[in-house]
Structure formats: structure tokens, C-alpha cells
Amino acid sequence: MNGIQQKELEKKLKNKHYDIVFIGAGVISILEAVYQSKLGNSVLIVEKDDDIGGAWRPIDIFGYKNIENAIHYFLHDDIAPNFMEKNLNWELIQTKNKQRLFKIKFIDKYIKFPFHNSIGRFLSYLIDPMFLKKDNNIFVKTLDLLKKIYQESGQASYYVKGGAVEIIKTVKEVLKKSSVKVELNTNIQSIEIDDNHKIVNLKSDKQSFMCSKLVLTHGARLPKIKSNKKEYSPVEKFHPRPAVHLLVEDNINTKIDQWIFSNNEIIKYVHDLTKFIDEKDRQPDTKVFVFALHPHIQKSSDIYINLHNEIIKAGIAGKKSSLKDYHWTDVFLPTLYDKDLNHIKNEFSPCISFLKTENFSRGIGYQANKWSSRIKV
Ligand SMILES: Cc1cc2nc3c(=O)[nH]c(=O)nc-3n(C[C@H](O)[C@H](O)[C@H](O)COP(=O)(O)OP(=O)(O)OC[C@H]3O[C@@H](n4cnc5c(N)ncnc54)[C@H](O)[C@@H]3O)c2cc1C
């Protein structure tokens with residue numbers, strides 16, 4: 001190799017070396033990547049899909065653009081809302097329009113409670129198999145339950161007014177203004193670490209990268225992680241949460257748009273997504289519902305009609321409503337637990353670390369104080 005070729009090679013290798021690489025362009029990873037870039041680090045995000053957003057990436061269905069891909073809401077967190085409002089400029093709406101539904105099986109009818117109603121909350125825990133399984137006696141169990149309900153009484157779930165579209169728009173904006181590089185359509189398939197744990201070599205289906213620090217999240221799908229001395233194969237856990245979207249023609253108007261089915265064998269939650277459809281695209285008397293189903297539910301030809309019938313029974317859709325279209329998505333919740341990520345971090349520290357992302361609002365809350373001086377829309 002002559003001098004020029006040597007220099008070319010060095011330049012090429014330098015270009016592919018980053019201080020920090022993130023696997024996956026999920027929302028929390030993007031915010032952390034931007035923060036790290038603002039500290040002066042060279043940062044790359046490698047994403048296997050053709051766009052950013054991960055679990056929050058909207059989908060195009062029924063001729064509409066950017067429909068929420070699944071059931072979404074933010075759980076209570078003490079810190080995240082302030083950061084979301086002040087730094088990300090999100091208008092947050094507390095969920096008041098939400099109900100719990102209990103099916104009285106022998107009459108095939110539902111009773112409903114407002115989401116924050118303590119009786120509804122009490123009943124939903126009471127019939128939860130986890131509660132019934134607990135070993136302690138019924139008196140202790142009930143006391144624990146009442147304590148839990150009391151603690152939760154001031155806590156509300158909430159969401160961004162503009163939904164996932166607004167979330168993705170914001171992170172795209174933040175990303176665009178930063179020096180973070182993003183490689184889309186690039187699936188990390190090999191992770192090798194040098195003996196001193198100073199350099200991580202990453203191979204994707206297309207190209208290779210090097211970095212001093214690799215950041216993982218709960219949503220990363222990881223190959224075997226290897227160094228000369230040890231290796232670790234994260235075991236993927238699959239948590240299916242099938243999602244179904246229904247397009248329904250219906251002329252009833254209800255102020256409620258989120259429902260929790262406390263004891264339905266098929267449905268866990270239903271959200272009416274119509275308000276998120278761009279106003280100019282909305283059709284009169286046409287609604288889009290998304291269902292989160294129980295993990296064991298399989299795709300079948302009659303499932304969509306059954307779901308439509310069930311929301312009629314529950315008073316969510318009118319008796320005269322008609323099913324116009326449907327869409328099935330195989331949703332899988334994150335496949336790595338804290339335990340796996342902690343193990344990887346301990347084994348390969350300091351060149352691998354991770355972000356806690358399995359609960360969105362908490363994931364933001366963990367970092368918000370640190371981010372607040374550097375991330376602002
Ligand atoms: C459909 C869905 C809805 C959810 N809704 C909520 C909710 O409403 N509220 C809540 O608190 N939590 C929710 N969660 C939990 C969710 O996991 C967190 O909110 C959070 O977004 C997870 O962030 P993440 O970055 O770990 O994963 P994701 O957002 O899933 O992002 C991971 C990204 O990494 C990419 N990727 C994975 N492996 C590789 C690889 N080897 N190479 C390259 N790229 C890779 C993926 O394509 C993906 O884009 C939801 C999860 C899912 C799946």
C-alpha cells in the first residue's frame with residue numbers, strides 16, 4: 001500500500017469511527033443522541049427500518065396518513081411532563097375521557113366507570129389474575145390494594161394533544177438541528193469488543209462502524225456480543241400485543257375516546273383515533289379505532305367482525321354502525337429486560353451502556369433534568 005492509499009484508508013476508518021453509536025432510532029435514543037452530540041461527541045444512530053420513531057412511528061392505513069400505530073398513552077411520571085411541555089413544546093392533555101368496562105357475562109352487557117373512579121379501579125385490580133395469585137391472606141391483599149388505590153388516586157395518564165405525529169415531528173426537528181448522523185435501513189448484525197473494552201466494532205448488513213461507546217435500549221434486537229475473552233447472547237423474549245385498526249362508519253358522538261376492557265378475553269384496550277386524523281382528510285361519520293388485544297389472540301377471518309360487534313355491545317359504536325375496513329399489526333413489546341441490559345453493561349463496561357426505555361414517560365423522566373439545558377425546540 002502506498003502513502004496515498006494508506007492515508008485514504010485511515011481517513012475512511014476515521015469517518016466510520018464515532019464516539020457514540022446508538023442501536024435504534026427510538027424517540028428516547030434520539031433525544032439522548034442529540035444531547036451527547038451537544039456535549040461535543042460524534043454520534044451515529046443506526047436504524048434497521050426506513051424511518052425513525054420505533055414504537056411511536058405512525059402508519060398509513062385506510063387511505064389516511066400518519067395514523068397512531070398502536071394504543072399509546074403516557075403513564076404518570078413526576079419529572080417528564082415538565083420537560084415535555086417546556087423543552088419539547090408538547091401540549092399535554094390529561095386523560096379524562098377514559099372509561100373502564102366490566103362485562104357482566106351472564107347478561108352479555110357492560111358496566112362502565114370513569115377511569116379515575118376508585119370503585120372501578122378497585123374492581124379491576126380485584127379481578128386481575130396477578131392479585132388473585134398472590135400468596136398472602138385476603139385481608140392483607142385487600143389492604144395492599146386499598147393502599148395502592150389511595151396512592152394512585154392523584155395520578156393520571158396523559159398524552160400529547162397531536163399524538164405520535166407530533167412526537168415524531170418534534171424529534172425529527174431536534175435531530176435535524178443537531179450533528180447526529182442517522183443510518184437508516186441498516187441492521188446491526190454483529191457486535192465485537194476489543195480486549196480493553198475501548199473499541200466496539202459493529203457490522204451491519206451493509207457496512208461496518210467503530211465506536212468508543214455503544215448505547216442500547218430495551219427495543220434493540222441484538223446479535224451475539226463478543227470479545228476475545230467472553231461472549232453473550234441476549235435471549236429475545238417475545239411479548240406479542242396484537243393491534244387491530246377498524247374503520248367504522250358511525251354517526252353516534254361520544255365524549256369518551258379511550259376504553260379499558262377489564263375482563264374481556266380478547267380486548268385489552270380500545271382508543272378512538274379519529275381526532276388524530278388531519279382535519280382536511282376526515283370523512284363525516286367515519287371513525288378509526290385501534291384495539292390492543294390479549295397476547296394469545298391469533299389473526300383470523302372473523303376477528304374483525306367480532307371486535308366490531310363487541311364495541312357495539314359496549315356502546316362505543318352505534319347499533320347501526322358498519323365495519324368498512326380493518327388492519328392487523330403484529331406488535332411486539334421490547335424484548336430485552338433490565339436484567340439483560342444490566343448484564344451486558346456489567347460484562348462489557350465501559351464501552352456499552354443502556355437507556356431505560358420500556359416505559360416512555362419514565363424513560364424521558366430519567367434523563368429530563370440532564371437534557372433540559374441542551375434540548376429545546
Ligand atoms: C407498538 C408499541 C407501542 C407502545 N406504546 C407505549 C405507550 O403508549 N406508552 C409507553 O410508556 N410505552 C409504550 N411502549 C413501550 C415502548 O417500548 C417504549 O415506549 C419506548 O418507545 C421503547 O423505546 P426503545 O427505543 O427501546 O424501542 P423502540 O421505540 O421500539 O425503538 C427501537 C428501534 O431500534 C431499531 N432496532 C432494533 N434492533 C436493531 C438492530 N439490530 N439494528 C438497527 N436497528 C435496530 C428498531 O427498528 C426500532 O426503530 C410501546 C411499545 C410498542 C412496541
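The model shown is predicted, which means the values in this text are computed figures rather than measured ones. One-based numbering along the sequence shown. In each ligand, atom 1 is the first atom listed, and ligand 1 is the first ligand listed.
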K.L.:
Could you list which atoms of ligand 1 come closer than 4.0 Å to a heavy atom of A70?
P.N.:
1 (C)
K.L.:
Could you check which of F332, Y73, F74, F22 puts a non-hydrogen atom nearest to atom 7 (C) of ligand 1?
P.N.:
Y73
K.L.:
For L355, which part has a heavy atom under 4.0 Å from ligand 1: side chain, backbone, both, or neither?
P.N.:
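L355 to ligand 1: no contact under 4.0 Å from either part.
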K.L.:
Can you name the side chain to side chain contact (heavy atoms under 4.5 Å, CB included) partners of D340, sequence neighbours left out?
P.N.:
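In terms of side chain to side chain contact (heavy atoms under 4.5 Å, CB included), with neighbours along the sequence ignored, D340 is linked to Y232, K237, L336, Y337.
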K.L.:
Does ligand 1 have any atom that is closer than 4.0 Å to a heavy atom of L75?
P.N.:
no
K.L.:
For atom 26 (O) of ligand 1, find the nearest protein heavy atom and state the residue, atom name and distance (0.1 Å precision).
P.N.:
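Going by distance alone, atom 26 (O) of ligand 1 is nearest to T357 OG1, 2.6 Å.
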K.L.:
Which ligand 1 atoms are under 4.0 Å away from a heavy-atom of G26?
P.N.:
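Going through ligand 1 atom by atom, the ones under 4.0 Å from G26 are 25 (O), 29 (O), 31 (O).
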K.L.:
Got the closest protein heavy atom to atom 48 (C) of ligand 1, with its distance?
P.N.:
E47 OE1, 3.4 Å
K.L.:
Taking C-beta and beyond as the side chain, do K16 and Q207 meet within less than 4.5 Å on heavy atoms?
P.N.:
yes
K.L.:
Side-chain contact, heavy-atom cut-off 4.5 Å: R57 with D49?
P.N.:
yes
K.L.:
For atom 40 (C) of ligand 1, which candidate among V331, N187, I364 provides the closest heavy atom?
P.N.:
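Considering heavy atoms of V331, N187, I364, the nearest to atom 40 (C) of ligand 1 sits in N187.
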K.L.:
Using a strict 4.0 Å cut-off to heavy atoms of T186, name the atoms of ligand 1 that fall inside it.
P.N.:
42 (N), 43 (C)
K.L.:
Around atom 15 (C) of ligand 1, find the nearest protein heavy atom and jot down its residue, atom name and distance.
P.N.:
E358 O, 3.5 Å
K.L.:
Describe, in one word, how the ring planes of F348 and H197 are oriented to each other, choosing from parallel (under 30°), tilted (30 to 60°) and perpendicular (over 60°).
P.N.:
tilted
K.L.:
Looking at K299 and D330, is there a salt bridge between them, counting it only when a charged N and a carboxylate O are closer than 4.0 Å?
P.N.:
no
K.L.:
Just to confirm, does any protein heavy atom lie below 4.0 Å from atom 23 (O) of ligand 1?
P.N.:
yes
K.L.:
Is a donor from one side chain sitting under 3.5 angstrom from an acceptor on the other, for D78 and H76?
P.N.:
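H76 and D78 do have a side-chain donor-acceptor pair below 3.5 Å.
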K.L.:
Under 4.0 Å from a heavy atom of N359: give me the atoms of ligand 1 that qualify, with their elements.
P.N.:
11 (O)
K.L.:
Report yes if the side chains of S300 and Q298 come closer than 4.5 Å at any heavy-atom pair, otherwise no.
P.N.:
no
K.L.:
Which residue and non-hydrogen atom of the protein lie closest to atom 13 (C) of ligand 1, and at what distance in Å?
P.N.:
W56 CZ2, 4.1 Å
K.L.:
Has K112 got more than 12 heavy atoms of other residues, nucleotides or ligands less than 6.0 Å from its NZ?
P.N.:
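Counting neighbours around NZ of K112, more than 12 heavy atoms of other residues, nucleotides or ligands fall under 6.0 Å, so yes.
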K.L.:
Report yes if some N/O of S361 lies less than 3.5 Å from some N/O of ligand 1; otherwise report no.
P.N.:
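The answer is no, given that S361 and ligand 1 share no N or O pair closer than 3.5 Å.
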K.L.:
Could you identify the single nearest non-hydrogen protein atom to atom 27 (O) of ligand 1 and state the distance to 0.1 Å?
P.N.:
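Heavy-atom neighbour on the protein nearest atom 27 (O) of ligand 1: G219 CA, 3.5 Å.
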K.L.:
So, 4.0 Å and heavy atoms of I71: is ligand 1 close enough to count as a contact?
P.N.:
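Yes, that is the case, since the closest heavy atom of the residue is under 4.0 Å from the ligand.
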K.L.:
What's the shortest distance from atom 3 (C) of ligand 1 to any protein heavy atom, and which residue and atom give it?
P.N.:
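The protein heavy atom lying closest is H72 CE1, 3.3 Å.
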K.L.:
Below the 3.5 angstrom mark, is there an N/O of L222, backbone or side chain, next to an N/O of ligand 1?
P.N.:
no
K.L.:
Around K345, counting heavy atoms of other residues, nucleotides and ligands shown, do more than 12 lie under 6.0 Å from its NZ?
P.N.:
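Atom NZ in K345 is not packed in, count stays at 12 or less.
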K.L.:
Which atoms from ligand 1 have a heavy atom of V46 less than 4.0 Å away?
P.N.:
43 (C), 44 (N)
K.L.:
Tell me if the NZ atom of K320 is crowded by more than 12 foreign heavy atoms within 6.0 Å.
P.N.:
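Atom NZ in K320 is not crowded, with 12 or fewer foreign heavy atoms closer than 6.0 Å.
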K.L.:
Give me the nearest non-hydrogen protein atom to atom 42 (N) of ligand 1 as residue plus atom name, then the distance to 0.1 Å.
P.N.:
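Checked against all protein heavy atoms, atom 42 (N) of ligand 1 sits closest to I188 N, 3.0 Å.
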K.L.:
Check the pair F209, T186 against side-chain contact (heavy atoms from CB on, under 4.5 Å), reporting the backbone distance first and the verdict last.
P.N.:
CA-CA 11 Å; F209 312 98; T186 308; 4.2 Å; yes
K.L.:
Kindly identify the option in R221, K356, E68, R241 whose heavy atom sits closest to atom 41 (N) of ligand 1.
P.N.:
R221
K.L.:
Tell me: protein heavy atom nearest atom 28 (P) of ligand 1, and distance?
P.N.:
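For this ligand atom, the closest protein heavy atom is A55 N, 3.6 Å.
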K.L.:
Do the charged groups of K275 and D257 touch, with an N to O distance under 4.0 Å?
P.N.:
yes
K.L.:
Report the C-alpha distance between Y73 and H271 in whole Å, list the side-chain angles of each, state the deciding distance to 0.1 Å, and finish with yes or no for side-chain contact (heavy atoms from CB on, under 4.5 Å).
P.N.:
CA-CA 10 Å; Y73 55 92; H271 284 190; 4.2 Å; yes
